[in-house]
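Chain naming here is simple, since letters A, B, ... match the order of the sequence lines and numbering starts at 1 in each. Atoms considered below: every heavy atom in the structure, side chains included; atoms not considered: hydrogens, waters and symmetry mates.
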Protein chains: 2
Amino acid sequence: MSMHGVARRVGIKAPSLYTYFESKHALYDELFRIGMREYRARLDQVEQDAGPGLDALDAFVHESLRFADEHPELFQLLFERPVPGFEPSTEAMEEAAGLLSDTDSRVRRMMASGVIRTELDVEQARDVIVVLVQGLMSLKRANEPGVRAGEGRTGRVLPHIVGLLKTAWNPGAEDPSKEQGK
Amino acid sequence: MSMHGVARRVGIKAPSLYTYFESKHALYDELFRIGMREYRARLDQVEQDAGPGLDALDAFVHESLRFADEHPELFQLLFERPVPGFEPSTEAMEEAAGLLSDTDSRVRRMMASGVIRTELDVEQARDVIVVLVQGLMSLKRANEPGVRAGEGRTGRVLPHIVGLLKTAWNPGAEDPSKEQGK
DNA sequence: GTCTATAGGATGATAGAC
DNA sequence: GTCTATCATCCTATAGAC
């Protein structure tokens with residue numbers, strides 16, 4: 001991404017960009033901040049649509065993969081640090097910290113409602129989920145960037161990843177009778 | 001990575017590099033090929049040291065993380081496609097394909113010996129493991145590149161990731177009595 | 001706020017002497 | 001095979017007119 005290219009895309013000349021951003025890194029920083037906000041907003045949205053229960057976990061994973069798929073370069077900037085020398089500012093990192101605490105809250109709710117049953121504490125369970133999602137997103141972008149969601153290796157492994165979590169953390173979920181008593 | 005920088009590191013001037021590589025992409029390609037070979041060799045080594053059994057799974061995950069930790073830029077080149085426009089040549093991709101079939105063989109052996117018990121087929125189980133390892137390596141490099149192996153968020157989540165696999169794929173492994181009959 | 005012009009560097013790659 | 005010299009291009013960023 002060059003300043004010239006960015007300027008062309010928004011219909012101005014490169015030097016005019018410096019009216020809005022004092023450096024290229026400042027532009028990266030704003031991208032990082034906006035990207036994190038957008039990702040958080042989308043996760044909020046799908047969570048509300050899904051409602052409580054195991055579907056929320058599915059929704060989280062699916063929406064993450066969809067986000068990485070729609071904005072591969074943005075995903076890279078947010079989660080893979082592709083730009084040597086660029087580190088998000090403190091303000092931008094607050095957005096990243098917000099994402100993490102959002103995820104904590106989700107996991108905490110799932111634990112409280114019995115949707116997730118594990119001996120891990122909230123942070124540990126959250127990190128396990130984060131690893132899974134990062135692995136899916138990173139693999140997808142690296143190995144099959146163009147492949148439609150749900151297809152290819154990543155698409156096929158996706159349900160098995162979610163299934164792995166369900167098997168380990170809520171083996172009785174498939175059987176409604178076990179849920180009744182709770 | 002600039003040609004000038006590479007040349008300086010090996011004690012020659014930049015133009016002399018073109019005696020050995022006809023372009024920068026050719027140099028990337030050789031790095032990719034050598035990197036894949038080294039990674040495969042190390043996985044082979046630790047597998048032999050670990051012997052058969054569940055330890056082999058631990059060894060695989062740990063050695064992968066160690067590799068990504070020791071050679072973060074190389075990991076990036078091999079598994080995150082950080083260079084726009086660079087795609088490994090056919091010969092280099094054969095090495096990557098070899099890594100994948102190595103992993104298939106390992107998973108197949110674990111299934112055959114009963115170390116892993118799952119309804120997934122070999123390729124599906126392999127992809128699940130690949131996702132986990134990629135997630136661990138990618139997160140580590142992005143968020144805590146300098147942190148010693150075993151420490152930090154990645155270090156703490158590592159045993160839980162392996163534990164997740166064991167719980168889902170071999171819940172009886174902790175209990176030796178169940179192993180006896182097999 | 002936008003532009004033209006340009007500074008000031010770094011880069012990948014080549015020419016040609018030795 | 002190695003070097004010096006250099007090309008040609010691209011880049012971020014600034015100066016200054018309008």
Nucleotide [N], atom [atom2] - distance to [atom1] of [X] in whole Å:
{"X": "B:Leu17", "N": "D:dT4", "atom1": "CG", "atom2": "P", "answer": "14 Å"}
{"X": "B:His4", "N": "C:dA13", "atom1": "NE2", "atom2": "P", "answer": "15 Å"}
{"X": "B:Tyr18", "N": "C:dG16", "atom1": "OH", "atom2": "P", "answer": "18 Å"}
{"X": "B:Tyr28", "N": "C:dG12", "atom1": "OH", "atom2": "C1'", "answer": "11 Å"}
{"X": "A:Met3", "N": "C:dA10", "atom1": "CE", "atom2": "C1'", "answer": "17 Å"}
{"X": "B:Glu22", "N": "C:dG12", "atom1": "CD", "atom2": "C1'", "answer": "14 Å"}
{"X": "A:Arg8", "N": "D:dC10", "atom1": "CZ", "atom2": "C1'", "answer": "14 Å"}

Just to confirm, is there a sub-4.0 Å distance from OP1 or OP2 of [N] to any side-chain nitrogen or oxygen of [X]?
{"X": "B:Ser16", "N": "D:dG1", "value": "no"}
{"X": "B:Ser2", "N": "C:dT11", "value": "yes"}
{"X": "B:Lys13", "N": "D:dT2", "value": "no"}
{"X": "B:Tyr20", "N": "D:dT2", "value": "yes"}

Test side chain to side chain contact (heavy atoms under 4.5 Å, CB included) applied to B:Phe60 and B:Leu65, B:Thr103, B:Asp55, B:Val107, the passing residue: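 So the option named by the test is B:Thr103.
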The single option from B:Glu95, B:Glu63, B:Glu47 passing salt bridge (Lys or Arg N to Asp or Glu O under 4.0 Å) against B:Arg40: B:Glu95
Nearest-nucleotide pick for A:Ile12, side chain only, options being D:dA13, D:dG1, C:dC3: C:dC3
Among C:dT4, D:dT2, C:dT11, the nucleotide that comes nearest once only the side chain of A:Pro15 is considered: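 Among the listed nucleotides, the one closest to the side chain of A:Pro15 is C:dT4.
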Pairing of A:Arg156 and B:Glu123 as salt bridge, 4.0 angstrom limit: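 Salt bridge: no.
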Approximate separation, where rounding is to 0.5 Å, of B:Asp127 CG and A:Leu139 CG: 8.0 Å
